[in-house]
Structures are given as C-alpha cells and as structure tokens.
There are 2 protein chains.
Amino acid sequence: MIFKKKPLVVSRSTLKRLPLYLHLLEKVMAEGAEYVSCTQIAKEFDFDPTQVRKDLEVTGEVGTARIGFRVAGLVDSIKEFLGWNNAHDAFLVGAGNLGKALLGYRDFEKYGLNIVAAFDNDPRKVGTRIFGKEVLPLNRLANLSKRMHVHIGIVSVPAEHAQSAVDLMVNAGIKAIWNFAPAPLRIPADVILENARLTQSLAVLTNNLKRNRDQGENNANSDVSKI
Amino acid sequence: MIFKKKPLVVSRSTLKRLPLYLHLLEKVMAEGAEYVSCTQIAKEFDFDPTQVRKDLEVTGEVGTARIGFRVAGLVDSIKEFLGWNNAHDAFLVGAGNLGKALLGYRDFEKYGLNIVAAFDNDPRKVGTRIFGKEVLPLNRLANLSKRMHVHIGIVSVPAEHAQSAVDLMVNAGIKAIWNFAPAPLRIPADVILENARLTQSLAVLTNNLKRNRDQGENNANSDVSKI
DNA sequence: CTTTAATAGAGAAAATTTTATCGATAAAAC
DNA sequence: GTTTTATCGATAAAATTTTCTCTATTAAAG
C-alpha cells in the first residue's frame, strides 16, 4: 500500500473533524459505496473540499483522481489514526446521572473506549451494578488501576469534587483524563487532559439565538455553525 | 456605566472560552474576590492574558489598570452576552440514557435552558415522568411547541433517527437545535444547529494517548490541551 | 482515439486567531 | 511626592487555519 507523507503536527481542528468524516463514511459504506470523494464529504458538512482533502492527508490514505478515496481504507485509517482500533480500558468516577448515561453508552466500544468499572462514594450506589458495570468505592481505584493497567479516567463528578477526583486518578497512575465537570483542573504535564464540556456548545447555541432575536429577522444565522 | 466598543463578529473560539471564564469567575466570586485580572484568569487555563482580554472585550466590560475587572460585572455581562440571563424553554427528543441524563442535569437552568418536556416513541416510556418531566409521544410535539412557544429542540435519539426527529422539530417551528446524535443533519438556513459531540472530544484524547504511546516517553503531551 | 469533466495533490494566498509590543494609568512601595 | 510595578487597551506581528489556484490524472462521453 502507498502512503503519502503525513504532516508532522495535526491540528486540533482537524482532529475534531475526523470523527465527523468517520461517521459519514461508515454510513455510506453501509449503503454499499466503495469510493467517496472529498467533494462529496465536504458537501455533507458544508466544508471546503480542500479542507477535507487536507484533513484526510493525516491518515496517510491516497485518493485517485476522478474517483476519490476507498471508503473502507479511509474508515480504517481514520480509526487507526484516532487510536480507535485498539480498546482502551477506562475507569469512571462519579456515578450520577451523567455517569450513568456514559456507562450505558454502547457506542464507546466503537471508539476504542471500554469503561470497566465505576467509582463513587455514595454508599447507596457502591456495590450496585450500572449497565453491568460494578460501582466501587473510590478508595479502591488506586489499587485496581495499577493491577488492571487502566490508563484512562473519566470524571463525571460535580465541579466541586473534580479536582480531588483527578488528584486521586493521577496518583493512581492514570495517564489520560476525560473531564465532564465544568471546572478547570490542574494536572501534571505528562498527563493528558481533555475537557468534554457541554456548556461550550450550549454557549454557541444560546448566543446565536440571542443574536437572532436581537437583530430581528435580518442576518439570521450569520455565524456558520461549523465543526 | 461605560462600555467599550464591541467587536462586531465574535469568533466561535471566543464564544467557547467564555463559559470557562464564567465558571471560574463564579468560583472566585463565591470566594469573595471583588476584582480579577486577565492575568489571573489566563493563569488558570494556561491561556495568553491578551487573549483573555480580547475575549472579555465582547462583553463590553471595561477593566481598570493595575486592578482588573469587577467580578460581579463580568459574570453578569458574560451571562447576558451568552443569553444565559433569560430562560429558554426547550423540548428534548429521545428519552434514552443520554436523554435521561440531560433531563436530570440541574445546572442547565443556570445556562438559561429549561427543558419542559421529553418526547419519545417507546410506549414503555410515554406517560412516565423523568426527573419530574413528562415523556410524551412524538406526534404531540408540533402542537405543543406552537402552543407553548418552545423554540429550542434537543436531539438525543440514535443517529439513524436524528434526521427525522429534526425534520419534525423544524416543521413544528423549532428555531434552534442542540444535537447530540453523531449524524450530519440537514436543516433550513434560518434554523440554528449546534452539535454537541462527545466523539470529537474523545478523538482528541485517544489520538494524544496513541501518540504518547507511539513516541514513547519523549515529547509527551506535545499537543497542548487547550479550549 | 480524442475530448471533456471531476478530482487529487501541491503550493500560494487569504482569512482568522493568537501572541507580542507599547503607551497610558492606577495602586503600592519607597 | 516620586518611583516602581501590574494591568488595561490598542495596535502590530506572528502563527495557524482555511480557501484558492493550478497542474496532473483518470474515467466517461463523444
């Protein structure tokens, strides 16, 4: 197989568009398409075709003029690039509403994420199972993460407990943290922190809504809702 | 009160940082601080102070040299700017795990979002209440949204049903859609669409993790985890 | 077989976003 | 009261990201 030279550093923007492409590609693959062009992909999202082409460059896949890219190849290469081809075990801390929803989200396995257990200090939750996953007391996290070689921690506790949950994880050897709490977290430089914040997305929505309202009917939706 | 001239168009990046500032500001306000400087805020997030200053410009607040900004004023102006000072009623479609979590998320009211009812076609769910909110059949959405003047729709159905849910909402007069389904959606230009996609955030995390693994211990976390 | 049209890929240009610089100002230190 | 220091606000510069332009390639149409 032929590979193009890949860019050395991949932008966050590109990284965030790749899952979009992937979902689309899986859909068109299920529909039986063998090839897809950047033009087609771009049309779906109202992106620039060149941007799609540049994004796909990072996967190493090469396209064919007049044909496009092999869908199956792209799907695989994007997954590989994102690290979704190999399952990562993860612990979740905070078995509240959001935690439960995350525990029940079956699609995570498609994204290489396997939540193996939940941790919570609420005695009513400890000992129960949520979607088949045990809820354990927080003081067992350190031991278990070391024994089971779990390197990803998901934080779904309230903001005020987020930092202490993270400290616990870091001390337990967790190497990457996916944070759902709306709080700025302090972590050592060698730990990866990624914030999944709903409020950011909501901010864009409500601000647009307000602008539309303020400006009346003219100029509606002038902020293009990309990415 | 004195206002600075505000930038006419606010970037998506700025818009997404504002909630971060807001959460921090509410915290420091609770701690009793009356003033806060951009330098301090920047330090919390590892941002550039100038960037914070530029971001805060959009709120119209003016700071004082050597002192900074009034925390209370900033909090209020950011909320106002984001449209979080006035409650927006919203309908939620899809009372699955994620839908339930969203219905139970009490903080939404802080962000001006008030989910008034849920819709689902599962007969086992219809008629029940989730966190006090009624679950209604989808065919009642159009009528109710018009009668209750609800303009925001939250989509938490599986990807394959997302487009039809959105079509229904658009026909019902919904003006802004917050989409949690991993599917590209087609909507009219005058409807606001904002995608809240977990997978994008997860993509950044897992890719970083893969890179760290690939590159061994050198150069860990070279992609700074900002925003 | 030749022409046409669609697309990839490379590089340049444009736009946007972030970061740096500098003068002004106000509090704190001296 | 003067000097020092921290910060704002404005502008400029740098970096990054997106979009455009052009050439080469390949399938399809004529």
Side-chain angles (χ1 to χ4, degrees), chain A residues 1-18 20-21 28 33-71 73-74 77 200 204 222-227, chain B residues 2-18 20-21 33-71 73-74 77 200 204 222-227:
Chain A
M1 198 177 282
I2 302 158
F3 285 106
K4 262 189 304 190
K5 61 171 186 291
K6 305 179 191 179
L8 277 165
V9 52
V10 175
S11 80
R12 196 183 168 78
S13 326
T14 292
L15 222 36
K16 290 174 84 174
R17 280 188 297 266
L18 289 176
L20 305 183
Y21 303 152
V28 304
E34 197 178 348
Y35 286 89
V36 68
S37 74
C38 292
T39 318
Q40 286 170 266
I41 298 175
K43 212 163 275 169
E44 281 292 327
F45 299 104
D46 261 315
F47 290 169
D48 187 286
T50 313
Q51 184 175 59
V52 176
R53 223 167 277 137
K54 275 213 155 48
D55 286 340
L56 296 183
E57 229 173 63
V58 306
T59 66
E61 288 290 309
V62 287
T64 321
R66 189 71 203 244
I67 295 274
F69 292 79
R70 245 178 19 94
V71 181
L74 265 188
S77 294
Q200 293 192 328
V204 178
S222 70
D223 178 271
V224 188
S225 180
K226 290 200 176 169
I227 307 190
Chain B
I2 302 158
F3 285 106
K4 260 189 306 189
K5 62 172 185 291
K6 305 180 192 181
L8 277 165
V9 51
V10 176
S11 80
R12 195 183 168 77
S13 325
T14 292
L15 222 34
K16 290 174 84 174
R17 280 189 296 265
L18 289 176
L20 304 184
Y21 303 152
E34 196 179 350
Y35 287 89
V36 69
S37 75
C38 293
T39 318
Q40 285 172 265
I41 298 175
K43 212 163 275 171
E44 280 292 325
F45 298 105
D46 260 315
F47 291 169
D48 188 287
T50 313
Q51 183 175 60
V52 176
R53 222 168 278 137
K54 273 214 156 49
D55 287 340
L56 295 183
E57 229 174 63
V58 308
T59 66
E61 289 289 312
V62 287
T64 321
R66 188 72 204 246
I67 295 275
F69 292 80
R70 246 179 18 96
V71 180
L74 264 188
S77 294
Q200 294 192 330
V204 177
S222 71
D223 177 272
V224 189
S225 181
K226 289 202 176 168
I227 305 188

Would you say a side-chain N or O of A:S37 is under 4.0 Å from OP1 or OP2 of C:dT7?
yes

Tell me whether the side-chain N/O atoms of A:T39 come closer than 4.0 Å to OP1 or OP2 in C:dT7.
yes

Does A:T50 make a side-chain N or O approach to OP1 or OP2 of D:dT19 shorter than 4.0 Å?
no

Start with the C-alpha gap between B:D55 and B:V58, add the side-chain angles, then the distance that decides, and say whether side-chain contact (heavy atoms from CB on, under 4.5 Å) holds.
CA-CA 6 Å; B:D55 287 340; B:V58 308; 5.9 Å; no

In whole angstrom, what separates B:I41's CD1 from D:dC8's P?
8 Å

C:dT17 P sits how many Å from B:L15 CG, rounded?
11 Å

Judged by nearest nucleotide, the residue sitting upstream toward the 5' end of DNA chain D, A:I67 or A:T14, is A:T14

Given the structure, check if the side chain of B:R66 and the base of C:dA27 hold any donor-acceptor pair shorter than 3.5 Å.
yes

Rounded to whole Å, the CZ-P distance (A:R12 to D:dA15) equals 21 Å

Nearest-Å distance, NZ (A:K54) to C1' (C:dA10)?
7 Å

B:F69 has a side chain; which of C:dT17, C:dA8, D:dC8 sits nearest to it?
D:dC8

Rounded interatomic separation in angstrom, taking CG from A:D46 and P from D:dT18:
15 Å

To the nearest 0.5 Å, atom CD of B:E57 lies from atom SG of B:C38 at 10.0 Å

Rounded to the nearest 0.5 Å, what separates atom CD in B:Q200 from atom CG in A:L20?
4.5 Å

Figure out the CG/P separation between B:D48 and D:dA15, and round it to whole Å.
13 Å

Between A:E57 (CD) and C:dA8 (P), how many Å, whole number?
12 Å

Does D:dC20 have its OP1 or OP2 closer than 4.0 Å to a side-chain nitrogen or oxygen of A:R53?
no

Ignoring hydrogens and angles, does a donor from either the side chain of A:K16 or the base of D:dT17 sit under 3.5 Å from an acceptor on the other?
no

What I'd like to find out is whether the side chain of B:F45 reaches to under 4.5 Å of the side chain of B:V52, using heavy atoms alone.
no

Taking atom P of D:dT7 as reference, at what distance in whole Å does atom CZ of B:R70 sit?
19 Å

Carefully, step by step, assess A:I41 and A:F69 under the rule side-chain contact (heavy atoms from CB on, under 4.5 Å).
CA-CA 11 Å; A:I41 298 175; A:F69 292 79; over 6 Å; no

